[in-house]
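Worth knowing before you read on, the calculation uses all heavy atoms, side chains too, and leaves out hydrogens, waters and symmetry mates. Letters A, B, ... are given to chains in the order of the sequence lines, protein chains preceding strands, and every chain is numbered from 1.
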Amino acid sequence: MYSESNHRMTPDESASLTPSGKNVRTARERVPRLKCIDAGSDYCPCHLAEAGECIVCSVIRGDAECSCDWTGTCILAQNRWLLGHGFRRESRRVEILSREDVGQGTEILHIRTPPKQASQLTRPGSFVFVRGRPEGCYDTPLAVVKAFPGRREIVLAYTRLGPKTKTLAACKNEIWLRGPYWNGILGHQLVESVHGERVILILSGMAQVCGPNIARTLLRNGNKVSIIYGTKGYPFVAPYLQEVPAAYFINLARPSGWREIRSLLQQLRPYCVFSGGNDEQHALLKKNMTDLALEPRIATSKTHKMCCGEGICGACITVADGVQIRTCKTRLAPGEWQSNEGTRP
Amino acid sequence: MSTIVIIGGGWAGCAAALAAQRGNAKHVILLERTDLLLGCGLAGGIMRNNGRHTAAEELRLLGAGDLIKAADKAATHAGFDFPGHSHATLYSTSKMEPAVRAQLGKRGIDMRFLSRVVDVQASDGCVKAVQLADNTWLEGDVFIECTGSAGPMGNCVRFGNGCAMCMLRCPSFGPRVSITARLGIKECMGMRQDGAVGSLSGSCEIRKDSLAPFLRRALRNDGVSVTPLPEQLVHRSMLSKKSCRQYALPDFADNIVLLDTGGHAKMMTPYFPIDQLRKVPGFENALYSHGSSMANSVRFLSRAPRNDFMKVSGAKNLFCAGEKSGFFVGHTEAMATGTLAGHNAAALADGGEQMRFPKELACGDIIAAESEGLERENGLKQRYTFSGGIYFERMQKRGLYVMDTAELRSRIRRLGLTGFFAATPKNAAA
């Protein structure tokens with residue numbers, strides 16, 4: 001016979017199983033059901049699962065109750081099958097094919113990667129960690145502007161701001177790269193599962209790097225896509241967005257900027273909008289859409305800090321409703337679990 | 001018009017939907033996680049064996065026999081015996097689901113498929129709304145939980161040998177979510193005779209056309225085939241893992257018992273390594289259609305606390321039925337608990353009087369026996385079915401096992417319950 005499961009209850013578990021209807025707890029601390037960006041991917045179960053901290057599987061976390069909400073291959077089962085031989089993302093030295101200064105301290109890098117990695121980085125919200133020195137503390141997350149699996153090439157962009165990016169600028173023709181990661185945006189649902197609708201992308205600042213992957217996915221799903229560039233100067237991602245015919249250039253820093261956006265929203269009446277920029281931009285967009293009686297379906301770029309990307313280092317943790325959320329792993333919708341009021345009714 | 005929301009479209013949910021519709025006009029919504037009704041009943045088929053015949057007749061005479069009649073109509077074989085069981089009927093698992101769906105449709109039940117409930121909103125123990133997987137909320141006045149107690153995959157991994165890709169199809173449609181547990185109400189888990197948690201479904205399905213002609217012939221003619229196992233292939237330990245106590249008999253370990261449930265042959269063992277199975281004469285080329293060499297679904301993992309009116313203790317407007325409501329095994333048992341839960345939900349919505357099945361009937365006695373048994377020693381290891389095990393013994397002892405329909409009819413007439421569920425509450429009171 002095959003091996004039999006001999007799972008017995010631990011004393012803790014059996015104590016909670018009093019077979020009596022009287023044993024009723026009326027209030028229970030509600031454990032949030034979080035979605036994980038890596039669930040079901042090559043990298044699941046991850047470091048967190050290994051440490052007994054899976055954000056999806058209650059059993060891995062040590063609960064008696066099996067109560068996840070993940071539709072797909074059971075993470076607990078995968079954990080048993082793959083224990084010790086699952087995939088892990090590791091830093092590899094990769095070659096810089098070309099670099100181009102696009103002004104204002106920003107540089108675009110073309111990087112050689114294996115085709116599989118490049119194809120994994122075509123998903124909206126894709127990013128990688130790169131560093132210019134061997135020490136891991138230099139890792140910085142950079143969004144993938146565009147990936148070319150056929151050419152074994154990805155395109156990254158960064159601006160010289162702090163120690164990590166200055167080290168990147170100083171390195172010669174090789175960097176360390178770790179990936180793929182996908183959680184660079186909030187609201188994957190609104191980008192990946194929308195079909196045959198009209199969608200607007202508002203791209204400003206450094207967040208414009210999210211644009212090409214999002215536009216590509218939206219176009220493939222039969223959506224009509226319009227792009228609004230909200231930067232003062234010429235947007236450096238524009239050459240990677242040639243497949244989108246409708247583009248508008250509006251300087252959002254000018255007072256008239258939002259008036260123009262408002263009239264565009266009124267004219268195009270989009271089903272949803274991706275807002276790449278700062279939190280102020282997201283808030284203004286939401287206000288304007290609500291004013292125009294448009295359902296504010298907004299996906300946004302992400303502003304959380306990330307250092308390891310695996311939920312381990314703790315840089316990404318935010319606390320909402322007394323619950324710790326590891327935002328680099330948790331798949332959130334904009335506004336979800338971010339305020340103390342909470343969005344759950 | 002009040003709204004009754006039933007969560008789970010298995011046999012219990014279907015029976016509850018039909019019963020909930022009686023009385024004043026109501027909107028009855030049946031939410032089903034997958035794309036098919038019947039749940040475990042898609043792999044089922046055994047009706048009217050031993051005491052189930054009595055229970056089926058009781059339900060029919062009580063006016064809640066629509067599903068019983070549908071199962072009789074979809075029968076592949078009727079009135080045959082197999083080891084330890086007399087006068088069984090088998091329904092064709094290929095014909096049953098469309099028939100039940102048509103019947104519920106005709107009765108105006110609002111069936112919503114691919115509608116998995118993931119959360120619940122309540123205040124003061126009163127359920128207000130349930131949340132579906134697409135994040136929408138559905139409000140209702142009374143709720144009936146029929147989400148069963150099998151799986152999801154995490155449990156089949158922990159307490160069994162992994163996902164067997166059974167009829168519940170969790171990987172495609174998502175895990176069952178217990179409403180009661182989400183309300184913070186403590187549920188209990190069944191144990192096996194060997195002390196492990198839960199129990200394995202007791203049968204798996206073999207493709208009929210992969211069997212030798214003599215076995216196919218036996219199935220066609222008699223509905224059953226019993227093939228003795230060579231001594232070295234007998235695994236008595238398997239019996240203690242089964243959820244179906246009525247089939248945990250030595251005959252089922254010493255032989256391979258096949259039943260003809262239409263498209264498949266139902267093999268009455270949780271799983272069997274196929275290389276060993278193929279050493280048995282007639283099974284040389286056997287293939288599984290559902291189930292496998294090594295695993296089956298794990299069940300009885302979340303029994304809600306309830307009273308004999310099927311109301312969940314700790315919630316004001318939540319009822320439960322089927323495996324959710326007790327360690328009951330089988331379709332007939334699910335129909336009985338479902339009918340009662342549906343009726344009482346409707347009564348609560350209408351402000352009418354709730355009822356419990358009288359203990360003079362098998363349907364009432366089994367519900368009482370299950371609640372009593374739970375508090376006893378080893379209560380978590382017992383299973384209750386009209387067709388065998390400890391409950392069938394009790395049924396016989398108390399004279400509730402009646403094969404004579406005329407006697408049942410007069411018994412139910414004496415109780416004043418003839419056609420009770422078919423009538424509106426007002427009529428019944430008159």
Side-chain angles (χ1 to χ4, degrees), chain A residues 1-10 13-33 35 39-40 45 54 56-81 83 189 193 333 336 343-345, chain B residues 116 118-119 121 125 129 131 133 137 151-163 170-175 177-178 181-189 191 194-197 235 237-238 241 271 273 276 293-295 298 301-307 313-314 371 374-376 379-380:
Chain A
M1 264 304 162
Y2 287 80
S3 69
E4 299 281 328
S5 164
N6 280 314
H7 186 96
R8 298 292 192 278
M9 295 227 159
T10 59
E13 280 179 341
S14 50
S16 67
L17 290 177
T18 321
S20 163
K22 290 162 207 139
N23 188 3
V24 171
R25 284 186 295 169
T26 44
R28 187 179 71 155
E29 198 186 336
R30 307 247 303 195
V31 184
R33 282 226 195 82
K35 291 188 168 64
C54 177
V56 175
C57 177
S58 56
V59 177
I60 291 179
R61 285 198 304 268
D63 284 10
E65 203 183 308
C66 171
S67 66
C68 82
D69 187 30
W70 161 243
T71 304
T73 315
C74 172
I75 294 171
L76 183 67
Q78 291 292 89
N79 203 35
R80 302 244 168 124
W81 287 115
L83 203 63
Q189 186 78 12
S193 313
E336 193 182 14
T343 52
R344 292 150 72 94
Chain B
R116 189 168 60 98
V118 297
D119 209 350
Q121 189 196 349
Q131 188 183 30
W137 287 86
M153 276 184 288
N155 283 328
C156 297
V157 169
R158 268 199 301 172
F159 305 125
N161 296 335
C163 175
C170 310
S172 300
F173 296 104
V177 171
S178 165
R182 292 302 290 177
L183 283 172
I185 296 170
K186 200 80 210 149
E187 302 178 314
C188 52
M189 286 169 130
M191 315 279 278
D194 62 6
V197 176
H235 297 285
S237 71
M238 195 71 101
K241 300 179 195 310
Y271 55 88
Q276 295 187 16
S293 289
M294 50 180 287
V298 180
L301 296 170
S302 63
R303 180 210 187 268
R306 57 149 177 92
N307 60 17
S313 320
S371 347
L374 196 61
E375 302 290 343
R376 289 210 197 101
L380 295 173

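- Heavy-atom distances place both the backbone and the side chain of B:V118 under 4.5 Å from chain A.
- Each of A:L76, A:V59, A:I75 was scored for a side-chain contact (heavy atoms from CB on, under 4.5 Å) with B:V157, with one residue passing: A:L76.
- With contacts defined as side-chain heavy-atom distances shorter than 4.5 Å, the pair B:P152/A:C74 does not qualify.
- Heavy atoms of B:S172 lying under 4.5 Å from chain A belong exclusively to its backbone.
- Between B:M153 and A:G72, the closest heavy-atom pair is CE-O, 3.0 Å.
- A pairwise comparison of heavy atoms in B:P175 and A:C68 identifies CG-O, 3.6 Å as the closest pair.
- Separation of atoms CZ (B:R182) and CD (A:E65) is listed at 8.0 Å; rounding is to 0.5 Å.
- Using a 4.5 Å cut-off between heavy atoms, B:R116 contacts chain A through its side chain alone, with no backbone atom that close.
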